[in-house]
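Notes to accompany the following structure.
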Amino acid sequence: MRPFFRADVCCKMEFCSGRRAVLQLLRAVAPADRPALLQWMRTTRDFDEFIQDNNDVTLKSIAEDLRNCLPLEAMLSSEHLALQKIQQQPEPTVHVDAFLYDEDFIDSLCEEGRMSRNYCMVCGSHQTAPLGFISHSFSLTELKFIYHHVLPDLSGKVLVDIGSRLGTVLYGGYLYSSALQLYGVEMNEDFCQLQEMVIKKYQFTDRIKVLHADICTQGSLLQNADVVIMNNVFEYFLNEAEQTRAWEYINHNVRKQGSLLVTVPSLEESLSGLQSNIQLSLWVEEVPLNYDVYPEKDIDREALEQIHLYKIL
C-alpha cells in the first residue's frame, strides 16, 4: 500500500525531538548553573519571535502599513500647535511614535543614521546629551498591559478613545478584548482617513467606528461609554483655555457610575496647570495597578507607570 503523509504525525515527531534536545541541553549544564539558566528561560524576551501570537503579528503588520504612510516622526504638517509645543520643550525633544517604532527598530534607525538618541550640547564638540522622546501612541507592550492587566473583561461594553490618532487603542481593543463597540474620536481628518484605511483592510468595521469630531460635541457618546481612554490627549494639541473647556466637558459627561477612565498622564498632572473647577475627589477614585506583571528587565516600567486607572463615583 502506498504510504500517505500525515502532517500531525510529522509535527508531533518534531516536537518530541525538540523537547528531547532541550532536556539534553539542560542536563549538560553544570548543576550549579542550572537554576540561573531556568530563571533566564522563564523571563527572557529572546524567545519573543518564536511565541508571538497572531494578534501581535497583526498589530505589527498594521504598524508597518502606517510607517509607509507617514514621515519618520509620524507628525503631520497640519499639527501646527503640537509641532510648536514640542519645539518649545526645555530640552531638545522629538516625537517617536511608540506603536510604530519599538526599541529594536529605533536602534536599527540609529545605526543607519536616520535617527539619533542624542544631541550636541555645543555645536562641533563631543559633548552630547540624551534627546527627549515623546509619543502620542501606546506601544504594543502598553496596549497589552491595558487590555490584559488594567481593564476587566469588556464583553458587552462600549469603549471610547479620545484623540484616537493612528487608532492603536482601537486595534488593540479589537484584538485583545471582547468590547462590543470601540469608538475613536479624532479632530484631524488626515488621521481619520488613516484609521479608516486600516479598519477596512483588516476587516475591523464590525466593532470599530471612527468619528471625525471635536470631543466637546460627543456628549451622548461619553455618557454611554463604559471605558474612556485618553493618552496625552490635549496638552500638545490645544491651548490652555481649550484644554480647560475639554476637561470640563468630559467631567460633566463621563458620569456613568462604575465606568472606567484610563489616562496618561494622571488626571492630577493633566489638570495641574489649568484653571478648572473639577473636583477629582467627587468625580473619580483611582484604582491601584500592578506594574510588576512583566518581570523582564528591558520592559519600560516608567512608561507603564504613566498609565492610570480611575473608577467613576
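Keep in mind that the numbers below use all heavy atoms, side chains included, and drop hydrogens, waters and symmetry copies.
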Legend entry - Side-chain heavy atoms of R245 within contact of C216, under 4.5 Å: yes
Inset, instruction - Indicate yes or no: at least one non-hydrogen side-chain atom of I312 is less than 4.5 angstrom from one of L260. - result: no
Inset, instruction - Would you check if L182 and V160 make a side-chain contact, meaning some heavy-atom pair closer than 4.5 Å? - result: no
Inset, instruction - With rounding to the nearest 0.5 Å, note down the distance linking CG in N232 to OG in S137. - result: 9.5 Å
Legend entry - Spatial distance of atom CD (E240) from atom CG (L238) [nearest 0.5 Å]: 11.0 Å
Inset, instruction - Evaluate the side-chain proximity of V158 to N224: yes if any heavy-atom separation is below 4.5 Å, no if none is. - result: no
Inset, instruction - Check whether any side-chain heavy atom of K60 lies under 4.5 Å from a side-chain heavy atom of L140, and answer yes or no. - result: yes
Inset, instruction - Calculate, to the nearest 0.5 Å, the distance between atoms CD1 and NZ belonging to I62 and K201 respectively. - result: 9.0 Å
Inset, instruction - Check whether any side-chain heavy atom of I229 lies under 4.5 Å from a side-chain heavy atom of F138, and answer yes or no. - result: yes
Inset, instruction - Could you tell me which non-hydrogen atom of N290 sits nearest to which non-hydrogen atom of D292, and how far apart they are? - result: OD1-N, 2.9 Å
Inset, instruction - State yes or no: do V287 and V293 share one hydrophobic cluster built from I, L, V, M, F, W and Y residues joined by side-chain heavy-atom distances below 4.5 Å, directly or via other members? - result: yes
Inset, instruction - Show your reasoning for whether side-chain contact (heavy atoms from CB on, under 4.5 Å) applies to C69 and L194. - result: CA-CA 8 Å; C69 297; L194 275 178; 3.7 Å; yes
Inset, instruction - Determine whether more than 12 heavy atoms belonging to other residues, nucleotides or ligands lie under 6.0 Å from atom CD of E285. - result: no
Legend entry - Separation between OG of S259 and CG of L222, rounded to the nearest 0.5 Å: 10.0 Å
Inset, instruction - Measure from the side-chain N and O atoms of D33 to the backbone N and O of V29, and report whether any donor-acceptor pair falls under 3.5 Å. - result: no
Inset, instruction - Examine distances only and state if a side-chain atom of Q193 and a backbone atom of D190 form a donor-acceptor pair shorter than 3.5 Å. - result: no
Inset, instruction - Verify, without hydrogens or angle tests, whether N55 (side chain) and L175 (backbone) share a donor-acceptor contact under 3.5 angstrom. - result: yes
Inset, instruction - Carefully, step by step, assess Y310 and L267 under the rule side-chain contact (heavy atoms from CB on, under 4.5 Å). - result: CA-CA 9 Å; Y310 301 89; L267 289 176; 3.6 Å; yes
Legend entry - Minimum heavy-atom distance between R207 and S178, given as atom pair plus value: NH2-C, 3.8 Å
Inset, instruction - Of all the heavy-atom pairs spanning P288 and E286, show the shortest one and how long it is. - result: CD-O, 3.8 Å
Inset, instruction - For R255 and N251, indicate whether the former's side chain and the latter's backbone hold a donor-acceptor pair under 3.5 Å. - result: yes
Inset, instruction - Please report the shortest heavy-atom distance between V169 and Y147, naming the atom on each side. - result: O-OH, 2.7 Å
Legend entry - Same apolar cluster: L170 and M187, side chain cutoff 4.5 Å: no
Legend entry - Passing candidate, side chain to side chain contact (heavy atoms under 4.5 Å, CB included) with V228, options I250, I162, L159: I162
Inset, instruction - Work out which heavy atom in V284 is nearest to a heavy atom in L261; give both atom names and the distance. - result: CG1-CD2, 4.4 Å
Inset, instruction - Measure from the ring center of H149 to the ring center of Y291 and say whether it is less than 6.0 Å. - result: no
Inset, instruction - Take Y294 and D300 through the test side-chain hydrogen bond (donor to acceptor under 3.5 Å, both in side chains) and record every step on the way to the result. - result: CA-CA 10 Å; Y294 299 116; D300 188 351; over 6 Å; no
Inset, instruction - For the pair Q243 (side chain) and L274 (backbone), establish whether a donor and an acceptor sit closer than 3.5 Å, ignoring hydrogens and angles. - result: no
Inset, instruction - Side-chain contact test, heavy atoms from C-beta onward, threshold under 4.5 Å: evaluate it for H308 versus V264 and give yes or no. - result: no
Inset, instruction - Have a look at D226 and tell me which of K157, K256, Q181 forms a side-chain hydrogen bond (donor to acceptor under 3.5 Å, both in side chains) with it. - result: K256
Legend entry - Y183 vs S164, side-chain contact (heavy atoms from CB on, under 4.5 Å): CA-CA, chis, key distance, verdict: CA-CA 9 Å; Y183 290 95; S164 53; over 6 Å; no
Inset, instruction - Check the angle between the aromatic planes of F99 and Y171 and answer parallel, tilted or perpendicular using the 30° and 60° thresholds. - result: tilted
Inset, instruction - Go through the side-chain N and O atoms of H212 and E186 and say whether any donor and acceptor fall under 3.5 Å apart. - result: no
Legend entry - Partner set under salt bridge (Lys or Arg N to Asp or Glu O under 4.0 Å) for E305, not counting sequence neighbours: R301
Inset, instruction - Using the six-membered ring wherever Trp is involved, compare the ring planes of Y176 and H148 and label them parallel, tilted or perpendicular (cut-offs 30° and 60°). - result: perpendicular
Inset, instruction - Could you tell me whether the side chain of N239 and the main chain of E242 form a donor-acceptor pair under 3.5 Å? - result: yes
Legend entry - Gap separating the CZ atom of R27 from the CD atom of Q24, nearest 0.5 angstrom: 7.0 Å
Inset, instruction - For residues L289 and I307, report the shortest heavy-atom separation together with the two atoms involved. - result: CD1-O, 3.5 Å
Legend entry - Ion pair check, D53 and K144, cut-off under 4.0 Å: no
Legend entry - Donor-acceptor contact below 3.5 Å, side chain E142 vs main chain S139: yes
Legend entry - Atom pair CZ/CG of R20 and L23 - distance to nearest 0.5 Å: 9.5 Å
Inset, instruction - Determine, using the 4.5 Å side-chain heavy-atom cutoff (strictly less than), whether L25 and L38 are members of one ILVMFWY cluster. - result: no
Legend entry - All pairs passing ring-ring contact (aromatic ring centres under 6.0 Å, His included) where residues 242-272 contributes a residue, at least two apart: F234-W247
Legend entry - Check: M197 main-chain N/O paired with Y202 side-chain donor or acceptor under 3.5 Å: no
Legend entry - Side chain to side chain, R19 and V22, heavy atoms closer than 4.5 Å: no
Legend entry - Pair T168-L143, side-chain contact (heavy atoms from CB on, under 4.5 Å): steps then yes or no: CA-CA 8 Å; T168 55; L143 287 173; 4.3 Å; yes
